[in-house]
Amino acid sequence: MKLKDLYIDFFVSKGHKQIPSAPVVPENDPSVLFNTAGMQPLIPFLMGGRHPYGNRLCDYQKCIRTNDLEEVGDSTHHTFFEQLGNWSLGDYFKQEAIEWSFEFITEVLHMPIERLAVTVYGGSETIHSDEESYNKWLSLGIPETRIAKTIDDNFWIAGESGPCGPDTEMFYFRSDDEIPEAFDPEDDRWVEFWNDVFMEFYKDSEGNISELPKKNVDTGMGVERTVAILEGVDDNYKSSIWKEVIDLIASISGLSYEGNERSMRIIADHVRTAVFISADPTGIKPSNTDQGYILRRLIRRAIRHAKKLGIDVESEFLSEIAKVIINQYKDYYEELVQNEQVVYDCLHDEKERFNKTLEHGLKEFERVVKKGEDIDGENAFHLYDTYGFPIELTMELAEERGLKVDIEGFNEKFRAHQELSRTASSGKFKGGLAGNSEIETKYHTATHLLNAALKIVVGPDVHQKGSNITVERMRFDFSSDHKLSDEEKKQVEELVNGWIKEGLEVSVSEMSKESAIKSGAECMFIEKYPDVVTVYSIGNVSRELCGGPHVKNTSELGTFRIKKEEASSAGVRRIKAVLE
Ligand code: SER
């Protein structure tokens with residue numbers, strides 16, 4: 001039986017309800033590009049909202065962390081991973097959480113106790129040390145010498161602000177060496193594979209800590225690491241998760257894994273992540289901004305490494321690899337089946353685009369580095385702009401020659417072209433709750449107006465499929481079977497601007513989910529909302545279930561303009577709009 005199934009079965013037997021994995025792109029949190037942890041989609045509930053499935057939840061969640069994308073290539077890093085989690089929303093706390101972690105590890109996974117060690121929170125000036133967890137581990141049979149108290153490493157928060165708390169981390173001694181008596185968390189033969197966070201605090205953006213209304217448990221077990229441990233391999237890519245994919249890359253390239261590990265791992269990892277991004281219901285396509293830029297970087301970096309291995313990059317090798325991955329995960333993620341063709345098309349189209357310039361770009365790169373000098377901003381930008389080399393790719397190529405790239409110079413050129421990618425510079429990967437600047441708040445309200453206008457102009461069957469807000473623009477995905485005509489776009493703009501001029505009041509009320517639905521309030525994923533919901537109303541134009549924040553009056557919004565209307569995925573259109 002697979003680890004995922006063992007885990008879910010175990011926690012279901014302890015009274016947990018399994019919840020589905022949320023999409024990799026967060027639905028209502030513009031502060032992060034991707035879900036970076038299993039807890040991210042659950043933030044509203046960790047903050048006190050009632051979850052429709054109850055107080056004990058478990059799942060496997062698709063996660064993407066791209067802050068060390070360039071590290072991928074060693075034996076442990078991945079951009080995509082699955083996190084197993086069990087949650088208590090104000091239900092059980094440290095005693096049960098640790099007891100069940102221990103029971104699962106030793107009785108279901110059969111990890112020998114002499115190979116286990118844990119860290120617990122050692123306390124700070126403001127928060128006391130976690131004696132309860134310490135004593136619990138002791139009582140379960142973990143010896144004192146294998147329990148380390150640390151401070152910084154044992155306080156968990158996603159990013160800068162949000163729900164947080166002390167944690168206890170579980171480690172496994174993954175080496176044939178003799179196991180040292182005392183556990184040293186810095187010794188990397190000890191591999192951390194599971195983390196129980198006792199989420200009792202909230203840290204705001206100024207750093208103030210307050211208590212959450214309820215004490216929660218948030219745990220996260222990394223699937224790839226744990227499987228590697230269980231299978232006794234010291235290279236994650238040698239575990240059963242990767243075997244088929246690595247074998248395929250070896251057969252396509254005619255090379256063996258040994259000696260070509262780095263490029264093969266990069267191709268394997270990046271194609272898998274590209275599969276999950278492009279299959280996501282949010283309909284991400286390769287582009288030069290945000291999630292689309294990450295997708296582009298992943299595909300292009302995979303192609304570059306395939307070329308290094310001598311793979312014919314004109315062939316459909318990406319889709320061949322994707323097929324194996326889809327097959328492997330399809331029983332767990334139905335979007336992979338639904339969007340299988342979308343994935344192949346995405347990989348094919350991006351490959352075609354990049355191949356047009358790759359060869360020339362590499363020649364141009366050789367010309368630039370011939371003199372052995374570092375790469376200046378002008379040349380780096382030229383490689384980006386003319387040959388489609390993401391700056392990170394140029395940096396990687398330069399590094400292989402022991403050269404540097406003038407990033408500042410590149411950014412200047414980039415800004416001059418008014419396209420500065422927010423992903424490269426902003427803290428968007430760090431996670432956490434939405435920043436919600438004044439302009440983002442305005443876009444939030446404008447999004448509700450746009451939704452209402454589309455229902456009038458296009459038809460009552462229009463539904464929101466996704467939304468993303470940055471300080472520069474709003475993006476709105478909605479169901480529609482046709483491309484909007486110029487006339488329709490004009491009508492939508494006129495309606496929204498009319499409502500802005502009318503100065504409609506925005507009001508908020510709390511009600512039960514049932515009465516919200518009865519009152520005709522709009523919402524995207526009803527099953528995700530707690531029993532008691534907040535509903536924002538704008539005059540009598542719009543009513544939506546929403547966490548806010550919003551402006552007080554539509555007169556604050558300025559002028560609404562549609563900048564672009566395009567296809568997002570099958571049956572889904574995308575509007576990009578601004579407030580001027
Ligand atoms: N949020 C914690 C983590 O990601 C535990 O789930 O490690």
Side-chain angles (χ1 to χ4, degrees), residues 3-4 7-8 10-11 14 16 18-19 21-22 24 26 29 31-47 51 55-68 76-94 96-98 100-102 104-105 118-121 130 133 150-172 185 190-203 212 214-227 229 236 429-433:
L3 174 63
K4 279 192 286 239
Y7 188 92
I8 298 295
F10 179 81
F11 282 99
K14 304 288 180 195
H16 293 64
Q18 184 187 355
I19 53 169
S21 176
V24 281
D29 184 353
S31 70
V32 283
L33 292 177
F34 298 107
N35 278 319
T36 57
M39 51 73 71
Q40 218 132 27
L42 290 167
I43 288 178
F45 310 105
L46 293 164
M47 300 285 293
H51 196 286
N55 296 334
R56 289 185 186 190
L57 312 173
C58 62
D59 72 357
Y60 47 88
Q61 170 65 42
K62 304 179 281 184
C63 302
I64 295 182
R65 292 187 189 171
T66 52
N67 44 355
D68 43 24
T76 54
H77 278 90
H78 309 291
T79 46
F80 170 93
F81 62 99
E82 294 172 285
Q83 201 175 50
L84 298 165
N86 57 286
W87 283 271
S88 153
L89 302 173
D91 191 54
Y92 60 86
F93 206 45
K94 295 178 182 175
E96 293 90 334
I98 293 178
W100 290 334
S101 288
F102 184 79
F104 184 69
I105 298 171
V118 299
T119 55
V120 298
Y121 186 59
D130 188 0
S133 296
T150 74
I151 299 169
D152 293 343
D153 288 345
N154 283 103
F155 195 87
W156 204 92
I157 182 160
E160 304 294 321
S161 64
C164 54
D167 68 356
T168 175
E169 300 180 353
M170 288 150 263
F171 291 72
Y172 183 89
W190 290 98
V191 183
E192 186 221 326
F193 63 95
W194 198 359
N195 180 11
D196 291 355
V197 184
F198 304 116
M199 229 162 222
E200 36 181 331
F201 302 110
Y202 176 77
K203 189 173 174 192
L212 285 173
K214 290 179 200 157
K215 289 183 175 169
N216 310 302
V217 174
D218 150 34
T219 94
M221 176 189 270
V223 171
E224 357 288 299
R225 266 190 214 179
T226 310
V227 169
I229 288 173
N236 285 2
F429 300 120
K430 291 190 195 131
L433 286 173

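Just follow the structure's listing: the first ligand is 1, and inside any ligand the first atom is 1. Given the structure is predicted, the values throughout are model-derived calculations rather than measurements.
Exactly one residue among W87, W100, F10 makes a ring-ring contact (aromatic ring centres under 6.0 Å, His included) with H16. That residue is W100.
No side-chain donor-acceptor contact under 3.5 Å links N55 and Y92. Looking at S101 and D196, their side chains do bring a donor and an acceptor atom within 3.5 Å of each other.
The aromatic rings of F11 and W194 sit perpendicular to each other, their planes meeting at more than 60°, with 30° as the lower class boundary.
At most 12 non-hydrogen atoms from other residues, nucleotides or ligands lie less than 6.0 angstrom from NZ of K215.
Annotation: ligand 1 has protein neighbours A37, M39, R65, Q83, W156, N195, V197, D218, T219, G220, each with a heavy atom less than 4.0 angstrom from the ligand.
The salt bridge (Lys or Arg N to Asp or Glu O under 4.0 Å) check on R56 picks up D91, with sequence neighbours excluded.
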